[in-house]
Amino acid sequence: MAAALRGSLVSLAKGLSGVRLQPLCVRSLSLTASQNATLESPPARADSTFKVTMVPGDGVGPELMTAVKEVFKSGDVPVEFEEFHLSEVQNMASEEKLNEVLTSMKNNRVAIKGKIHTPMEYKGELASYEMRLRRKLDLFANVVHVNSLPGYSTRHNNLDLVIIREQTEGEYSSLEHESVSGVVECLKIITREKSRRIAKFAFDYATKKGRSKVTAVHKANIMKLGDGLFLQSCAEVAELYPKIKYENIIIDNCCMQLVQNPYQFDVLVMPNLYGNIIDNLAAGLVGGAGVVPGESYSAEYAVFETGARHPFAQAVGRNIANPTAMLLSAANMLRHLNLEYHSNMVSEAVKRVIKQGKVRTADLGGYATSVEFTRAVISNLSA
């Protein structure tokens with residue numbers, strides 16, 4: 001058998017003696033000089049650009065987004081915005097426009113938006129475009145990190161607390177009807193599934209961020225079934241996180257305690273309406289709606305916006321709006337995209353300008369315009 005094998009190899013060698021073999025395997029494993037350089041150097045700008053959906057919204061939203069775009073351009077931030085104008089008060093809202101925005105958000109998975117103002121007049125549709133966006137994307141968790149700004153003194157300094165709000169049900173379920181003339185019923189929906197989901201999000205957030213306590217905010221003493229179910233769900237989830245301290249507090253007492261001694265709180269979790277109220281109250285503790293960033297999450301998408309949602313319509317065109325909250329939201333968005341360097345660059349520049357105290361908008365006791373504040377941030381990007 002060995003002799004036969006040797007004979008086969010000899011015959012094969014003779015058959016290939018006149019054939020020029022190409023080193024295919026060697027070529028497939030070797031790299032040209034240009035290919036090797038590509039691996040060692042960072043990818044080209046076009047290949048590393050993140051697409052983000054931008055919805056400026058109403059009021060001063062477009063002005064604040066202009067500040068974001070200018071800062072990003074000056075900082076060479078690798079983000080490309082797909083901009084859509086959606087407004088219920090400027091006749092720029094339609095099913096087609098809403099679907100365009102939703103398609104962009106679903107494709108990009110990350111968005112930055114201003115406040116889409118909701119008219120108080122009833123025009124046949126109870127759910128606002130803002131609410132419909134949240135539901136379509138299932139943006140169930142709104143997170144507002146209330147943090148004192150270095151160099152800007154308020155009644156309570158060095159604050160650091162987080163408000164987590166369930167924002168797809170509760171009082172914002174858009175279920176209202178007039179049962180008889182002069183009697184309107186407005187339904188508040190609380191479900192075990194969504195209550196447990198937001199509670200788990202809060203405890204996971206606390207664990208990930210190294211925080212020690214979660215406080216559930218409720219009104220179960222009056223709404224015994226609805227808020228009672230929310231409170232029960234939070235308590236059940238809390239048992240799964242023995243290292244995180246768990247407390248609960250009634251909403252009205254919570255408001256008073258936040259004003260008197262906000263340092264007792266760490267992470268607060270609550271249903272929809274309470275979260276809206278507490279977001280605004282807490283923002284007032286550190287400087288107002290113009291300085292607190294916020295973000296909303298689903299399992300797949302992230303939308304970044306200001307923490308206290310106000311269109312500030314009376315300031316439109318007056319060049320007085322404070323870009324701080326939107327710029328800090330944009331910085332948080334960059335961190336979400338794993339652009340840590342650019343995120344720190346933007347947030348530190350904003351905080352540096354406020355700490356220096358020379359360029360502040362009117363809401364922080366200064367005289368600077370929105371444009372002047374933005375320019376000061378840009379000049380501090382490389383500081």
query = So, do Met65 and Ile112 sit near enough that their side-chain heavy atoms are less than 4.5 Å apart?
reply = yes

ask   = Given Glu236 and Arg192, is the salt bridge (Lys or Arg N to Asp or Glu O under 4.0 Å) satisfied, shown in steps?
value = CA-CA 11 Å; Glu236 290 171 354; Arg192 182 182 302 276; 3.6 Å; yes

ask   = Do Ile222 and Ile190 share a hydrophobic cluster (ILVMFWY, side-chain heavy atoms under 4.5 Å, transitive)?
value = no

task = With the side chain counted from C-beta on, respond yes when Lys219 and Ile250 share a heavy-atom pair under 4.5 Å apart, and no when they do not.
result = yes

pair Lys69-Glu83: side-chain heavy atoms closer than 4.5 Å = yes

query = More than 12 foreign heavy atoms under 6.0 Å from CG of Leu225: is that the case here?
reply = no

Residues Arg318 and Glu63 bridged, charged N to O under 4.0 Å = no

message = Same cluster or not: Tyr367 versus Val353, using hydrophobic residues (I, L, V, M, F, W, Y) connected whenever any side-chain heavy atoms lie under 4.5 Å apart?
response = no

inquiry  = Closer than 4.0 angstrom, basic N to acidic O: yes or no for Lys209 and Asp266?
reply    = no

N-O pairing of Glu305 and Lys115 below 4.0 Å = no

query = Is the shortest heavy-atom distance from the side chain of Val52 to the side chain of Met54 under 4.5 Å?
reply = no

inquiry  = If the condition is ring-ring contact (aromatic ring centres under 6.0 Å, His included), which residues does Phe201 pass it with, not counting sequence neighbours?
reply    = Phe140

remark   = dist Arg165:CZ -> Tyr172:OH (nearest 0.5 Å) comes out at 5.0 Å

key: Straight-line distance of Tyr263 OH to Leu159 CG, nearest 0.5 Å   = 5.0 Å

query = Under the 3.5 angstrom rule, does the side chain of Arg135 hit a backbone N or O of Ser173 as a donor-acceptor pair?
reply = yes

Stepwise side-chain contact (heavy atoms from CB on, under 4.5 Å) test for Leu161 and Leu258 = CA-CA 10 Å; Leu161 58 95; Leu258 276 168; 4.2 Å; yes

task = Using the six-membered ring wherever Trp is involved, compare the ring planes of Tyr241 and Phe203 and label them parallel, tilted or perpendicular (cut-offs 30° and 60°).
result = parallel

key: Close side-chain approach of Ile251 and Leu273, heavy atoms under 4.5 Å   = no

message = My understanding is that only residues two or more places apart in sequence, or in another chain, count here; which of them pass side-chain contact (heavy atoms from CB on, under 4.5 Å) with Arg375?
response = Val371

inquiry  = With a 4.0 Å cut-off on N to O distance, would you call Glu169 and Arg197 a salt bridge?
reply    = no

